[in-house]
Amino acid sequence: MTAWWSSALRRTVGAMRSPRWLPLALSVLFCLVAPAASQASSAPVWLPASSAAGASSSDLRLAHDAVGSTVAVWRKSSDGSDSVWTATMPVGSTTFGVAKRLSPAPGAGETPQISDLTLAVDAQGGAVAAWTGRYTTGAQPYVYLAQRHASAWGGAQIVSIEGPGTSPAVAFKSTGNAVLAWRQTTDGYAQLRVSAIDLPAGTLSAVQSVAPTTGDAGQPTIAFDGQGNGVLAWVESAVSFSAPYSGEVKLRAATRKASAATFTGAQLVYATRTSTLHDVKAAVDGAGNATLVWADRLLDTGAAAGVFAATRVVGATSWPGAPLSTTGVTPDVAASTTGGAVVTWVDPAAGAAPATGAVMAAHRAQAVTTFAAPMPLSGSGETGAEPVAAASASGATVVAWVRRQGAGDAPRAAVKAASSTTFWPAEDLDPAGGTLGAPAASVSLTGDALVLWQPQGSASTLQRMTRLDGSTVAPTPDPEPVDPGDPAPTTPTDPAPTTPTEPAPTTPTDPAPTTPTPSTPTPTEPSAVPTSPAPAPTTTTVVPRAPATSVAKDPSLVARETPQAAGAVSTDLALVEVPSLRSFKALAAKRFKPAAGGTGVVARGDGLPLAATANLPGTLRIVVTRAPKGGRAKNLKPALSVPIEEGTTSFVFTGRLAGKPLPAGLYKLKAVFVDARGRASNRRELTIAIKR
């Protein structure tokens with residue numbers, strides 16, 4: 001398989017240096033294989049665009065539950081400070097409810113920076129939002145998590161308690177049970193951590209470490225099917241990012257059965273020595289067939305080197321794949337419960353911005369590892385950017401993007417019915433111009449879709465949205481493509497690379513093209529679905545801060561938003577506290593002799609007196625680490641647990657572990673406070689020295 005990918009990559013790099021023949025070739029091929037007769041005579045009906053949930057937002061995320069309610073989360077920026085917000089549109093409603101803040105409020109002098117925002121929603125409307133946050137410039141980033149159960153969001157908590165964490169990915173395994181993966185930096189190198197989330201209890205448990213076999217791990221992505229079978233994929237980097245660019249970048253994937261508690265059987269999906277991998281995404285259809293997509297960029301020039309896809313069908317032991325484009329960027333993928341998947345991306349236009357160009361899509365049928373020929377979704381000469389894909393359980397698919405045209409951007413979308421392999425012609429969703437951020441899209445079980453986007457450049461500009469009437473997406477089915485020789489599952493081997501021979505081009509033998517002529521009758525607006533009015537104005541009361549002496553550097557106060565009369569919003573003066581370890585310090589010289597006997601921690605006695613200050617009662621967990629000469633730091637066992645009260649608790653570290661004194665040398669004490677609900681605080685460290 002390695003030889004196959006090496007061959008594919010060489011062809012990709014070669015194509016990067018050749019004339020831009022691909023968009024024209026794909027357009028011709030699409031006309032050959034996708035006659036207009038495959039779609040019904042009617043076209044999808046989009047309802048008029050209206051105002052939506054929040055203001056001055058970006059990084060929009062959107063998801064439907066099984067009954068039709070919609071949850072949105074987004075990042076809001078104001079005066080250089082970021083925050084995470086959410087709003088819900090109940091089933092049957094045409095407007096979002098009151099927006100609520102999820103991220104902790106900053107302390108004095110703090111300017112939070114938030115990235116990697118992600119969202120997952122289960123069938124009953126439970127939700128998990130996760131993000132990377134840092135509260136001062138240059139501070140260590142941590143992964144934060146907020147959970148919603150029974151329509152109520154809890155306070156945010158830090159989950160990367162071992163140290164700096166980034167890149168969270170979350171998906172629901174079943175109702176009330178989600179799985180979170182993130183990149184954990186520990187002792188100078190990066191691994192993955194995977195934890196189960198019991199949503200009713202609001203707790204994380206069963207942390208699994210996924211250690212890379214080479215280099216550092218990153219960019220985790222996770223997806224499950226309706227039965228709870230899942231896939232976890234990540235990138236391992238062991239490459240020098242300066243000439244001569246030595247090393248290798250690998251994409252690996254592991255699977256997890258519904259009855260299992262961990263991901264196992266990590267396999268090599270793709271490897272390259274000449275490029276980096278970006279925008280890794282995963283989707284699993286209802287039959288358990290998993291698809292991974294990603295984009296390559298050449299190390300030496302940073303130029304796009306193509307969009308790739310690999311699919312592992314149920315029961316197989318390998319990931320057959322192929323490049324979908326030799327110039328593509330920013331891929332996304334969506335899969336349906338009934339089977340199949342759609343990948344979308346941008347093929348950059350000559351002379352255009354690197355991430356703008358023709359919006360493309362390719363479809364894969366259920367239990368098939370190959371994708372049909374790519375098809376253009378944007379019009380001839382149209383410049384699109386940032387496409388996103390969403391599919392219903394039945395397979396109805398929406399691809400939304402931003403049409404870039406001078407100073408007047410427009411949100412745009414194309415729709416594919418469940419029984420079809422082609423899309424209706426794309427439509428503009430809003431005539432308003434201006435500059436637009438990337439859209440978010442979600443499709444309900446019934447095929448009703450919602451697309452959300454943000455006009456940029458004005459702090460008072462509301463988000464905009466439009467809805468698709470799913471009952472209008474019901475075309476005459478066309479035949480599913482036949483998989484051309486999908487290989488039987490075999491155990492993958494890595495033969496020595498061989499020099500690829502580029503196959504001679506062949507003339508397509510598909511039927512002669514026909515000009516697409518789907519009629520678009522004037523839609524009748526359903527009387528039960530009124531045009532969405534703008535939401536009621538909102539006001540916010542500033543929460544008074546606690547005195548400076550009691551405010552932690554790591555935030556511990558979250559403003560709780562509560563709805564008021566007439567749809568307005570104010571800030572409840574009640575404060576929801578999240579765990580905060582405000583200090584962890586030595587009360588004597590940090591170079592000391594171990595005690596002659598006893599356990600690792602005692603209330604009083606010989607050793608090093610310590611004091612920990614927390615905002616809530618709970619347990620202080622201390623991990624002792626040592627960095628041997630010429631090696632990486634290693635966590636020593638067992639970890640120490642100390643019951644502490646709200647405020648300051650004093651105790652003594654004896655310098656002993658597992659009944660034995662520590663050898664002379666330098667050590668670190670890494671402390672994390674966990675409250676009674678199992679929520680973890682920020683981490684603090686203390687360097688000590690054991691002497692004899």
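Numbering starts at 1 and runs along the sequence shown.
- The six-membered or imidazole ring of Y270 lies away from that of W319, with a centre-to-centre distance of 6.0 Å or more.
- Under a 3.5 Å cut-off, the side chain of Q191 and the backbone N or O of A217 do not form any donor-acceptor pair.
- A side chain to side chain contact (heavy atoms under 4.5 Å, CB included) with W345 is found for one member of V293, L324, D332, V333 and no other, namely L324.
- No donor-acceptor pair closer than 3.5 Å links the side chain of N177 to the backbone N or O of A196.
- By the 4.5 Å heavy-atom criterion applied to side chains, S650 and L587 are counted as neighbours.
- No donor-acceptor distance shorter than 3.5 angstrom exists from the side chain of Q184 to the backbone of A190, with no hydrogens or angles considered.
- Counting only distance, with no hydrogens or angles, the side chain of D82 and the backbone of Q113 share no donor-acceptor pair below 3.5 Å.
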Discussion item. Run the side chain to side chain contact (heavy atoms under 4.5 Å, CB included) test on V602 and T654 for me, step by step, so that the C-alpha distance in whole Å, both residues' side-chain angles and the decisive distance to 0.1 Å come before the verdict.
Written reply: CA-CA 7 Å; V602 295; T654 63; 3.8 Å; yes

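- No side-chain heavy atom of V210 sits under 4.5 Å from any side-chain heavy atom of R252.
- At a threshold of 4.0 Å, the pair E685-K668 counts as salt-bridged, since one of the basic side-chain nitrogens sits closer than that to a carboxylate oxygen.
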Worksheet entry | Steps toward side chain to side chain contact (heavy atoms under 4.5 Å, CB included) verdict (V128, L199) | CA-CA 8 Å; V128 174; L199 198 58; 4.0 Å; yes

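- Although no hydrogens or angles enter the test, the distance criterion places no donor-acceptor pair under 3.5 Å between the side chain of R684 and the main chain of F584.
- S103 places a side-chain N or O within donor-acceptor distance of the main-chain N or O of V84, the cut-off being under 3.5 Å.
- In this structure a side-chain-to-backbone donor-acceptor pair under 3.5 Å is present from S681 to F673.
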Fill in: Pair V179-R256, side chain to side chain contact (heavy atoms under 4.5 Å, CB included): steps then yes or no
CA-CA 11 Å; V179 177; R256 173 173 168 171; 3.8 Å; yes

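- Side chain to side chain, T613 and T648 meet the donor-acceptor criterion of an N or O pair below 3.5 Å.
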